[in-house]
Amino acid sequence: MAGAGPPHYASWPPPAGHNLPPMGDMDEVRTIFVLGFPPDVKERELQNLLRWWPGYEASQMNFKGEQPMGFALFSSAAAAMAAKDALQNLVFDHETNSTLRAEMAKKNLYVKRGVTGMGTETPPFDQSKRLRTAGDFSTSHYAPPGAFAAPPPNSWVPQSFMPPAGSYDPYAGYGLPPLQAVAQPIVAPVAPAGYVPMQNTKDNPPCNTLFVGNLGESTSEAELRGIFSGQPGFRQMKVLRQGRSTVCFIEFADVNSAIAVHNNLQGAIVTSSDRGGMRLQYSKNPFGRKKEFMNNHQDGGAPGVPTSGTNS
DNA sequence: AGCACA
């Protein structure tokens, strides 16, 4: 099973800058996945945030979970990557301490062109009951209606950034200045206050999602996020309040990242909790995967291995 | 100890 599975992230062109292939292959993932929005975010906000970006094609906000999830499609993997980096750690809303986290999506956002019911495509994550796109963009790229003269200040938008009008070079804006320097993470990395020996009986087989237990009801999500969000491979986390205790799920990009954190942070003290150290276990069900029992006897034993999409 | 989301 240790198969060298197909890479989740298609191999991008190296950041050499100018040797980029003209308009990436169509099978490259050129969609980003953005988390960290405040719960009251509007899809329009995502669109207005991204439509300035070179190569932006469409976006969609998914409100299914506790946290809104944004997806945005770009004209190429390079453009998507650049936008992803630009959004990384962007403070979206100071009031709610919302800091964005962006990753490459696993699949491309499916943009419904018309209302034609070709519903066989599978957009990232859940099948869209709620497929929304940028709306009406009949031109190859979105041309702003002219309402906005200047991008919002204090943001990632480089000065040289102008929505291209006629000739469109998706790489014009690439090789951008180090944008991360502008957007400071508000989720400061938090080092655990200390460690407590934690015996972990009854763990599950390793997978890319950790289950965090032994957390008191007072446990602060911010502290957890501070501890975990900086860990290599961190994808997302979800906190669940269960009466007088709290549990938390953390998804990582791959099983190895989860294993590392499982070992390194075992028993780490969570200050806001009143129970000392946290217990880290592998989740019974990885993020985004349903347990399949009777449904699929063929795939009985690899909890950590997502059935990577049949990319047709 | 407590395992959601799809």
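Just so it is clear, the values below take in all heavy atoms, side chains as well, and ignore hydrogens, waters and symmetry mates.
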[X] has an atom [atom1]; how far is it from atom [atom2] of [N], in whole Å?
X      : N     : atom1 : atom2 : answer
A:F287 : B:dA6 : CZ    : C1'   : 10 Å
A:M198 : B:dG2 : CE    : C1'   : 14 Å
A:N208 : B:dC3 : CG    : P     : 19 Å
A:Q67  : B:dC5 : CD    : P     : 14 Å
A:N200 : B:dG2 : CG    : P     : 12 Å
A:L240 : B:dC3 : CG    : P     : 9 Å
A:M237 : B:dC5 : CE    : C1'   : 14 Å
A:L210 : B:dA4 : CG    : P     : 16 Å

Identify whether any heavy atom of A:T209 sits under 4.0 Å from a base atom; if not, whether one sits that close to sugar-phosphate; answer base, sugar-phosphate or nothing. base
Under 4.0 Å, heavy atoms only, any strand: does A:E66 hit a base, just the sugar-phosphate, or nothing? nothing
For A:V196, what are the other residues in its hydrophobic cluster, where any two members join if their side-chain heavy atoms are less than 4.5 angstrom apart? A:I269
Are any side-chain N or O atoms of A:E28 and backbone N or O atoms of A:A77, one a donor and one an acceptor, separated by less than 3.5 Å? no
Output the single nucleotide from B:dA4, B:dG2, B:dC3 whose closest atom is nearest the side chain of A:N204. B:dC3
Of the candidate nucleotides B:dG2, B:dC5, B:dC3, which contains the atom at the shortest distance from the side chain of A:K64? B:dC5
Starting from the 5' end of DNA chain B, give me the residue, A:N214 or A:K238, whose nearest nucleotide shows up first. A:N214
On DNA chain B, does the nearest nucleotide to A:T201 precede the nearest nucleotide to A:G65 from the 5' side, or the other way round? Give the residue. A:T201
Answer yes if A:V239 and A:Y282 sit in the same cluster of Ile, Leu, Val, Met, Phe, Trp and Tyr residues linked by side chain heavy atoms under 4.5 Å apart, and no otherwise. yes
Quick one, A:F249 with A:F287, criterion ring pair (Phe, Tyr, Trp, His ring centres under 6.0 Å). Give me CA distance, side-chain angles, the key distance, then yes/no. CA-CA 8 Å; A:F249 296 89; A:F287 235 107; 7.2 Å; no
Does A:R244 make a side-chain donor-acceptor contact with the base of B:dG2, cut-off 3.5 Å? no
How far apart are the closest heavy atoms of A:T219 and A:R241, and which atoms are they? O-NH1, 2.7 Å
